[in-house]
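Presented below is the structure to which this report refers.
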Amino acid sequence: MPDTMQPAPLPSVYQLRGVVRGVSPLIWRRLLVRADTTIAGLHAVLQIAFGWTGTHLHRFVVQGRYVGGVCFRDDPHLVRVADLGLRPTERFVYDYDFTDGWRLGLRLEQILVMDPDRVYPCCTGGRRAGPTEASGGVWAFLEQTQPHHVLAATLRAVEILSLLLEAEDLTRFGEHRDELATLLPLLGVDRFDRRTVNRALAGLAATGTRAA
């Protein structure tokens with residue numbers, strides 16, 4: 001008799017759009033994650049997508065309930081995104097760093113059929129760099145990234161680099177290292193590198209973080 005066993009259905013894929021609340025111009029990402037991604041895995045995906053380090057507390061708010069992170073009794077490594085009961089176009093929230101108060105508005109745009117030739121999770125679009133850690137929250141970030149501040153940071157960075165190029169002793173770079181480190185985020189505030197994000201997300205997939 002012929003084998004009538006059917007292959008297991010492929011997991012669905014959730015297309016999510018995340019936007020940093022309160023910031024204009026918008027900082028956003030469009031992400032594809034498998035429906036069997038755990039809540040802990042989704043947290044890791046968002047950290048990479050927005051350039052954060054995971055050093056602060058977080059939580060999801062779904063249908064008025066706290067999920068994952070603080071105030072969550074269940075194991076976020078066992079609860080899957082599919083278990084949340086989200087419907088297409090439904091919105092939920094991701095809070096990160098309760099001191100700075102970053103909040104991502106997340107929207108399930110659509111549920112797709114998984115492409116077996118594609119690596120998940122992945123980022124398919126986005127704009128602007130994510131806010132840097134410990135930048136003080138929305139109002140401080142908006143003030144720091146005003147065009148005149150970005151211009152001043154650019155001019156100062158050029159000045160420092162010119163001094164270093166003219167210096168005979170390159171060990172002087174150490175004198176300016178910390179200052180340059182504070183200037184670089186301002187210089188790249190409007191830059192979003194999707195390839196870099198996807199390389200990091202591919203690393204998650206390779207280590208099995210979906211179920212971690």
Side-chain angles (χ1 to χ4, degrees), residues 11-23 26-63 65-72 74-84 86 89-112 118-135 137-138 141 185 189 191-212:
S12 298
V13 171
Y14 283 21
Q15 179 176 302
L16 301 172
R17 187 173 189 263
V19 179
V20 178
R21 293 269 184 90
V23 174
L26 291 182
I27 299 173
W28 64 272
R29 305 287 184 265
R30 178 167 285 114
L31 301 161
L32 299 179
V33 299
R34 290 172 48 143
D36 58 359
T37 300
T38 65
I39 295 302
L42 181 58
H43 160 66
V45 168
L46 294 174
Q47 287 290 306
I48 288 174
F50 287 89
W52 291 327
T53 63
T55 54
H56 301 282
L57 296 175
H58 74 280
R59 69 184 176 197
F60 292 91
V61 185
V62 183
Q63 298 169 349
R65 297 177 291 115
Y66 293 136
V67 179
V70 297
C71 306
F72 188 56
D74 296 329
D75 187 344
H77 299 85
L78 299 179
V79 179
R80 304 169 304 167
V81 174
D83 298 329
L84 300 178
L86 295 168
T89 74
E90 189 166 356
R91 301 175 187 273
F92 59 112
V93 164
Y94 173 77
D95 290 323
Y96 177 63
D97 186 351
F98 298 154
T99 299
D100 281 3
W102 296 113
R103 168 162 281 197
L104 299 182
L106 297 166
R107 180 173 180 264
L108 173 56
E109 293 187 317
Q110 56 182 325
I111 300 176
L112 306 170
R118 192 166 203 167
V119 176
Y120 297 98
C122 65
C123 178
T124 62
R127 185 168 181 236
R128 305 186 76 209
T132 55
E133 301 273 359
S135 55
V138 169
F141 176 78
V189 68
R191 183 173 181 267
F192 170 58
D193 188 343
R194 185 163 62 91
R195 291 184 179 181
T196 297
V197 169
N198 277 325
R199 280 195 294 270
L201 291 176
L204 283 184
T207 56
T209 301
R210 179 181 73 252

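- Taking 4.5 Å as the limit, every side-chain heavy atom of R128 sits out of range of all side-chain heavy atoms of V20.
- Listed by chain and number, the residues in a side-chain hydrogen bond (donor to acceptor under 3.5 Å, both in side chains) with D74 amount to none (sequence neighbours excluded).
- Screening residues 48-59 for salt bridge (charged side-chain N to carboxylate O under 4.0 Å, His left out), with sequence neighbours left out, gives R59-D95.
- When every heavy atom of F92 is checked against every heavy atom of L16, the shortest pair comes out as CE2-CD2, 4.1 Å.
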Subject >> Criterion ring-ring contact (aromatic ring centres under 6.0 Å, His included) on H56 and Y96, from CA distance to verdict >> reply: CA-CA 7 Å; H56 301 282; Y96 177 63; 5.6 Å; yes

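- I39 is listed as a side-chain neighbour of L84, based on a closest heavy-atom distance under 4.5 Å.
- For the salt bridge (charged side-chain N to carboxylate O under 4.0 Å, His left out) condition, no pair includes a residue of residues 45-58, sequence neighbours left out.
- The minimum heavy-atom distance between D36 and R80, with the atom names listed, is O-CG, 3.8 Å.
- Considering CG of L42 and CG of L31, their distance stands at 8.0 Å, rounded to 0.5 Å.
- The two atoms that bring A40 and H77 nearest to each other are CB-CD2, 3.7 Å, heavy atoms only.
- Between V93 and R21, some side-chain heavy-atom pair lies under the 4.5 Å cut-off.
- For L112 against Q15, the heavy-atom pair with the smallest separation is CD1-OE1, 3.8 Å.
- A search for side chain to side chain contact (heavy atoms under 4.5 Å, CB included) contacts involving H43 returns Q47, H58, F60, Y94, not counting sequence neighbours.
- Side-chain contact between R29 and I27 is present, with heavy atoms from C-beta onward closer than 4.5 Å.
- For the residue pair T37 / R34, no side-chain donor-acceptor distance below 3.5 Å is found, with atom types taken as modelled.
- Between S135 and W102, the shortest heavy-atom distance links the atoms OG-CZ2, 3.3 Å.
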**OP:** Apply side-chain contact (heavy atoms from CB on, under 4.5 Å) to the pair D100 and F141, showing each step before the final yes or no.
**Re:** CA-CA 10 Å; D100 281 3; F141 176 78; over 6 Å; no

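- At distances below 3.5 Å, at least one donor-acceptor pair connects side-chain atoms of T38 with backbone N or O atoms of G41.
- The ring-ring contact (aromatic ring centres under 6.0 Å, His included) check on F50 picks up W52, with sequence neighbours excluded.
- Annotation for W28 and V19: closest pair CB-CG2, 3.9 Å, computed over non-hydrogen atoms.
- Residues satisfying the salt bridge (Lys or Arg N to Asp or Glu O under 4.0 Å) test with D193, not counting sequence neighbours, are R191.
- Rounded to the nearest 0.5 angstrom, R127 CZ and R194 CZ are separated by 16.0 Å.
- Between Y14 atom OH and I111 atom CD1 the span is 4.5 Å, to the nearest 0.5 Å.
- In this structure, CZ in R199 is found 12.5 Å from CD1 in I48, a value given to the nearest 0.5 Å.
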